[in-house]
Amino acid sequence: MPRLVVILGDQLSPAISSLRNLQPDDVILMAEVGSEAHYVQHHSHKLILIFSAMRHFAATLEQLQHQVIYLSYQQQPQVESMTDAVAFALQQNPHLSSIMITECGEYRLEQEIARWPEQFSLPLEQLEDDRFICSRPQFAQWAKDRQQFRMEYFYREMRRFTRLLMTENNQPEGGKWNFDKANRKSCPPGLQQTPPLQFEPDDITSDVIKLIEQEFASNMGTPASFSFAVTGKHARQAFLHFIEHQLAKFGDYQDAMLMDQPYLFHSICSMYLNIGLLDARWMCQKVEQAYHEGTVPLNAAEGFIRQIIGWREFVRGLYWLQMPDYKTRNTLTADRALPAFYWTGDTQMRCMQQALQSTIDHAYSHHIHRLMITGNFALLTGLDPAEVTDWYLAVYADAFEWVELPNTLGMALFADDGVLASKPYAASGKYIQRMSNYCQNCPYDVKKTHGEKACPFNALYWDFLDRHATQLGGNARLQLAYRQWHNKAADEQDAIRQHAQQTLLRLEQL
Ligand code: DLZ
Ligand code: SF4
């Protein structure tokens, strides 16, 4: 019996479970819909990437002689949501007798899909998304009897399971599971870098750029500067380019930041992976191969593979385990409004301006910008997690809630009370000075904690610890920081508190 097979905008993988199960009479549905395009104010490059990659993917399916219904944006005025799109497709094809879909990536949409059997009086078959290495039940099993979830232990299981970077007698390559400590060098400004591959828009992409310019004119970013890959072929080229030119140094400089260098040695491929243009196993195998061929060192190969089979799978597992409550967590009762400069980049703080400008220009900033600059600032100033998580979900081309929410709410904001991270990633200007050359290019003085032109991160950092001493004072990993705070003279502490209060009052002007 022929079925309606729904492919979502982040399911653009030829080998996805729904397409592997396709029968010749099945009809595929893909739709650009308002409800997905508007649930946050997505960056224009994210919209162009998804719509254009969807159109390219549909064209390939049609070339393979599959029957495809493709609804472009507002083509059918009554189609506003995925549910409307399914209703439209079923109306056109009354002979279809069931609906099939690979499980989607967000709780919000999963709830919508769960209503389809009743709404359409048809059976719904939901298949596992086995593009991920660890299934949702497999993760739940791993988490079942644990008090605490720590990525490191999960990661070791994933290494054993995939056999990536494992010796023949099942030991980690190089005798250690994790070379994290060899991933934290600061970067000399003159070090040779090769920028990521960029792609000229073809006719399909140019049409989408025009659409986004017209219909999403107030969204972040300049549509005309879009240069991402929109096909699997180009995404693979971009990734192999990264392995050839950048990966060797990625290990050392994973956490480094430099003025006007948004990419450094990062792959800039997470957006391709998260919409399905790249396959996680293939990427890891290519990286492992480069290590065995001797073209990249172990700290680079292990560091990269840890991000994919460790961190990425871990946050996805936690997301599904904890939703829907997870989204409402706010342990530190943070409630301050997001300053306007998160949208404009208009701030004197050089580190924030750099992280935000890269976000605005490229719908991208790397993990230390996200965690230790914009995230750290949001943590220290007590910004409302709901506003902060919506912002991250909107502005990054790789952001889907399964990955963005745990990373922002749990890792950056510590709003989940330590489910994800064993301590808040709070840091003063000293960390930013060590890992970047921003402070030498900033009107604020990173050496000052209070007084004129003192770096805002310094007083905010101590004040954050002081404000939350009841909740955080017992955290083993913060003992050194609390000792330093308690060793400060009372009048110094008062001056810091006062400076932090003034800083919080003039947040918009920083
Ligand atoms: C993010 C996104 C956007 C902007 N637009 C669409 C769309 O028009 N059609 C579609 O099928 N998917 C879109 N997506 C991706 C979905 O939001 C994504 O499948 C869910 O967030 C689940 O991860
Ligand atoms: Fe950021 Fe402070 Fe350094 Fe300026 S001085 S770049 S605000 S850490």
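Counting convention: from 1, in listed order, for ligands and their atoms alike.
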* To do: Assess Lys46 against Phe400: is NZ or CZ under 6.0 Å from the centre of the six-membered ring, and within 45 degrees of the ring's axis?
  => yes
* Structure fact -> If we number the atoms of ligand 2 from 1 as shown, the ones under 4.0 Å from a heavy atom of Tyr444 are 5 (S)
* To do: With atom 8 (O) of ligand 1 as the reference point, say which of Val403, Leu71, Leu12, Val33 has the nearest heavy atom.
  => Val33
* With a cut-off of 4.0 Å, which atoms of ligand 1 are near a heavy atom of Arg108? -> 17 (O), 21 (O)
* Pull out every atom of ligand 1 sitting under 4.0 Å from any heavy atom of Met82, numbered as shown with elements. => 11 (O)
* Under a 4.0 Å heavy-atom limit, does His42 contact ligand 1 with its side chain, its backbone, both, or neither? -> side chain
* Asked: For atom 4 (Fe) of ligand 2, what is the nearest protein heavy atom, given as residue, atom name and distance?
  -> Cys442 SG, 2.4 Å
* Structure fact -> Under 4.0 Å between heavy atoms, the region of Cys351 that gets near ligand 2 turns out to be both
* Specify the protein heavy atom at minimum distance from atom 2 (Fe) of ligand 2: its residue, its atom name, and the distance to 0.1 Å. => Cys455 SG, 2.3 Å
* Identify whether NZ of Lys or CZ of Arg in Arg370 sits under 6.0 Å from the centre of the six-membered ring of Tyr396 and within 45° of that ring's axis. => yes
* To do: Give the residue and atom name of whichever protein heavy atom lies nearest to atom 20 (C) of ligand 1, and the separation in Å to one decimal.
  => Leu109 CD2, 3.8 Å
* Structure fact -> atom 6 (C) of ligand 1 has as its nearest protein heavy atom Glu36 CB, 3.4 Å
* To do: Find out whether the Lys NZ or Arg CZ of Arg316 is both under 6.0 angstrom from the six-membered ring centre of Phe132 and within 45° of the ring's axis.
  => yes
* Min N/O separation Trp402 to ligand 1 under 3.5 Å -> no
* Structure fact -> Counting from 1 in the order shown, the ligand 1 atoms closer than 4.0 Å to a non-hydrogen atom of Leu47 are 4 (C)
* Carboxylate-amine/guanidinium contact Asp26 Arg3, below 4.0 Å -> yes
* Does Cys439 bring an N, O or S atom to under 2.8 Å of atom 3 (Fe) of ligand 2? -> yes
* Structure fact -> Atoms of ligand 1 under 4.0 Å from any heavy atom of Gly105, numbered from 1 in the order shown, are 22 (C), 23 (O)
* To do: Can you see which heavy atom on Gln11 is nearest to which on Cys104, and at what distance?
  => NE2-CA, 4.0 Å
* Identify the protein heavy atom lying closest to atom 19 (O) of ligand 1, giving its residue, its atom name and the separation to 0.1 Å. => Asp10 OD1, 2.7 Å
* Asked: Counting from 1, what ligand 1 atoms have a heavy atom of Phe51 closer than 4.0 Å?
  -> 5 (N), 8 (O)
* Asked: Got a second to check how far Met220's CE is from His43's NE2, nearest 0.5 Å?
  -> 6.0 Å
* Asked: Under 4.0 Å from any heavy atom of Ile50, which atoms of ligand 1 are there?
  -> 1 (C), 2 (C)
* Cationic tip of Lys448 within the cone over Tyr444's six-membered ring, i.e. under 6.0 Å and within 45° of the normal? -> no
* For atom CD of Glu118, is the number of surrounding heavy atoms from other residues, nucleotides or ligands below 6.0 Å larger than 12? -> no
* **atom 10 (C) of ligand 1 - nearest protein heavy atom and its distance** => Gly9 N, 3.3 Å
* **Identified side chain to side chain donor-acceptor pair (under 3.5 Å) counterpart of Tyr70 within the set Gln75, Glu62, Glu32** => Glu32
* Asked: Do the charged groups of Asp279 and Arg131 touch, with an N to O distance under 4.0 Å?
  -> no
* Atom indices of ligand 1 within 4.0 angstrom of Ala31 heavy atoms, with elements -> 7 (C), 8 (O), 9 (N), 10 (C), 11 (O)
* To do: Mark yes when over 12 heavy atoms from residues, nucleotides or ligands other than Lys233 sit less than 6.0 Å from its NZ; otherwise mark no.
  => no
* To do: Compare all side-chain heavy atoms of Gln41 with those of Ser218 and state whether any distance is below 4.5 angstrom.
  => yes
* Ligand-residue contact atoms, ligand 1 with Tyr39, heavy atoms, under 4.0 Å -> 17 (O), 21 (O)
